[in-house]
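Single-structure report; data block below.
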There are 2 protein chains.
Amino acid sequence: MMNEMEHLYNLLKETFIVIDDGDRRLFHRFGLTPPRFYVLLHVSEEPGISSSDLSQKLLCDKSNVTRIVKGLEATGYLERRPHESDGRAQRLYLTPQGAAICNEVHSAHTAYNIARLNSVDTAVQTTLIENLNRLHHLLQEELAQQTPPPNGHHLV
Amino acid sequence: MMNEMEHLYNLLKETFIVIDDGDRRLFHRFGLTPPRFYVLLHVSEEPGISSSDLSQKLLCDKSNVTRIVKGLEATGYLERRPHESDGRAQRLYLTPQGAAICNEVHSAHTAYNIARLNSVDTAVQTTLIENLNRLHHLLQEELAQQTPPPNGHHLV
DNA sequence: CCGCAACAGTTGATGTGTCAACTATATCAT
DNA sequence: ATGATATAGTTGACACATCAACTGTTGCGG
């Protein structure tokens with residue numbers, strides 16, 4: 001019927017979906033989407049970060065960042081300033097409102113994660129982390145040796 | 001710095017991303033995308049299934065199915081026939097070409113999953129499945145009791 | 001049998017993601 | 001210095017996802 005590999009595969013996907021759905025709802029309560037929040041978060045952690053660096057952190061295409069930033073700028077959460085020495089680049093900064101909402105949502109998200117993930121006991125948590133770590137490494141190796149990555153991914 | 005919950009959270013997301021990226025590349029080799037493939041797969045498993053039922057299996061909105069089906073119909077992989085007793089509904093069937101590509105890609109995907117997930121040894125696999133199962137259950141309960149689900153999700 | 005709620009499916013608006021092609025600036029080797 | 005190459009960011013075209021609003025059918029309670 002369904003072998004172990006398929007089972008593991010499906011479990012991973014479904015677990016992710018549930019987590020992601022919870023995130024989406026949480027962010028929605030604050031008028032944000034996951035990508036918008038994660039842009040704010042990264043900018044708050046590294047003020048002045050460039051769009052390119054951001055796209056690498058988010059594991060998505062640069063063009064995607066361009067448009068998300070545009071939206072956040074329109075909402076008044078983010079601003080772009082020209083890079084002082086590189087004429088191509090720009091630097092991203094949070095506005096005061098952006099910083100405020102980012103802190104607020106970040107706390108809520110952390111609390112939510114504690115609430116939802118703390119229900120598994122510590123022992124399970126630890127082995128889960130160990131095992132996922134191993135799997136994650138193996139998968140990444142496997143992918144890396146496959147081909148030069150086109151551009152792929154689609155995080156958060 | 002980073003507590004256990006955050007760690008687990010990030011690991012789950014990143015692991016999923018790597019898996020998903022591999023999938024995307026695999027399907028791409030056959031001129032398919034993940035959503036298109038999964039529509040074909042479900043129709044092959046349940047010929048005559050309706051769009052509504054499909055959207056529930058895929059955990060996505062009906063309107064999404066409408067458009068994916070439209071695309072697959074245009075490619076000649078799928079056809080729609082009116083439901084014999086319900087004037088609102090339609091039945092979905094694979095064309096011979098659709099059935100052929102579906103089988104081909106399905107085998108390739110299974111083989112790929114075996115290759116990539118078999119590198120973790122059986123013991124790890126087993127505990128991983130157990131622990132993920134537990135986590136998955138808890139998360140789902142948590143989500144379910146939260147609110148009447150709007151429509152959410154975004155599988156595969 | 002009639003009116004109305006539920007359901008199947010479509011459409012439009014919008015956000016997110018990809019890729020490919022482009023502009024403009026930087027960098028590096030000669 | 002100049003010319004090839006790389007990098008930063010934008011844009012256009014398209015796929016996929018949501019939600020909200022709509023059309024038609026079904027089915028059910030009066």
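Note that the structure is a prediction, hence the values are computed from the model and not measured. Below, chain A is the first sequence line, B the second, and so on; all start at residue 1.
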*B/K62 NZ to C/dT10 C1': how many Å, rounded?*
9 Å
*Please determine which of A/L32, A/L58, A/N64 meets the side chain to side chain contact (heavy atoms under 4.5 Å, CB included) test together with A/V39.*
A/L58
*asked:* So B/S55, base contact, sugar-phosphate only, or nothing? Heavy-atom distance under 4.0 Å.
replied: nothing
*To the nearest Å, how far apart are A/L59 CG and C/dG17 C1'?*
13 Å
_Test of understanding: with side chain to side chain contact (heavy atoms under 4.5 Å, CB included), list the residues that count as partners of A/R80, not counting sequence neighbours._
A/V69, A/E73, A/Q90, A/L92
_A/R67 bridged to A/D61 by N-O distance under 4.0 Å_ = no
_Within residues 66-75 of chain B, which residues have any heavy atom lying less than 4.0 Å from an atom of DNA chain C?_
B/T66, B/R67, B/K70
*What is the distance from CG of B/D21 to P of C/dT18, rounded to the nearest Å?*
9 Å
*Nearest whole angstrom, please: distance from the P of C/dA26 to the CD of A/Q90.*
13 Å
*In chain order, what residues pass the salt bridge (charged side-chain N to carboxylate O under 4.0 Å, His left out) check against A/R36, with sequence neighbours excluded?*
none
*For A/D53, which residues count as a salt bridge (charged side-chain N to carboxylate O under 4.0 Å, His left out) partner, sequence neighbours excluded?*
none
*Nearest whole angstrom, please: distance from the P of D/dC19 to the CZ of A/F27.*
16 Å
_Hydrophobic cluster identity match, A/I114 and B/L11, side-chain contacts under 4.5 Å_ = yes
*asked:* For nucleotides 1-7 of chain D, give me one character per nucleotide, 5' to 3': B if any protein heavy atom sits under 4.0 Å from the base, S if the only such contacts are to the sugar-phosphate, - if neither.
replied: -----BB
*Please work out if B/S63 contacts a base, only the sugar-phosphate, or nothing of the nucleic acid, heavy-atom cut-off 4.0 Å.*
base
*asked:* Measuring to OP1 and OP2 of D/dT10, would you say a side-chain N or O of A/R80 lies under 4.0 angstrom away?
replied: yes
*Rounding to a whole Å, what distance do you find between B/L58:CG and D/dA15:C1'?*
15 Å
*Write out all pairs satisfying side chain to side chain donor-acceptor pair (under 3.5 Å) with one or both partners inside residues 130-139 of chain B, taking only residues at least two apart or from two chains.*
A/T127-B/N131
*Separation of A/H28 atom NE2 from D/dA20 atom C1', in whole Å?*
12 Å
*asked:* Please check if the number of heavy atoms outside B/H83 that lie under 6.0 Å from its NE2 is greater than 12.
replied: yes
*Identify the heavy atoms of A/S44 and A/L94 that sit nearest to each other, and give their distance.*
CB-CD1, 3.4 Å
*With a non-hydrogen cut-off below 4.0 angstrom, is A/R91 in contact with a base, only sugar-phosphate, or nothing?*
nothing
*Identify, between A/D86 and A/N64, the residue whose nearest nucleotide on DNA chain C lies closer to the 5' end.*
A/N64
*Can you tell me the distance, in whole Å, between the CD1 atom of A/I17 and the C1' atom of D/dA17?*
13 Å
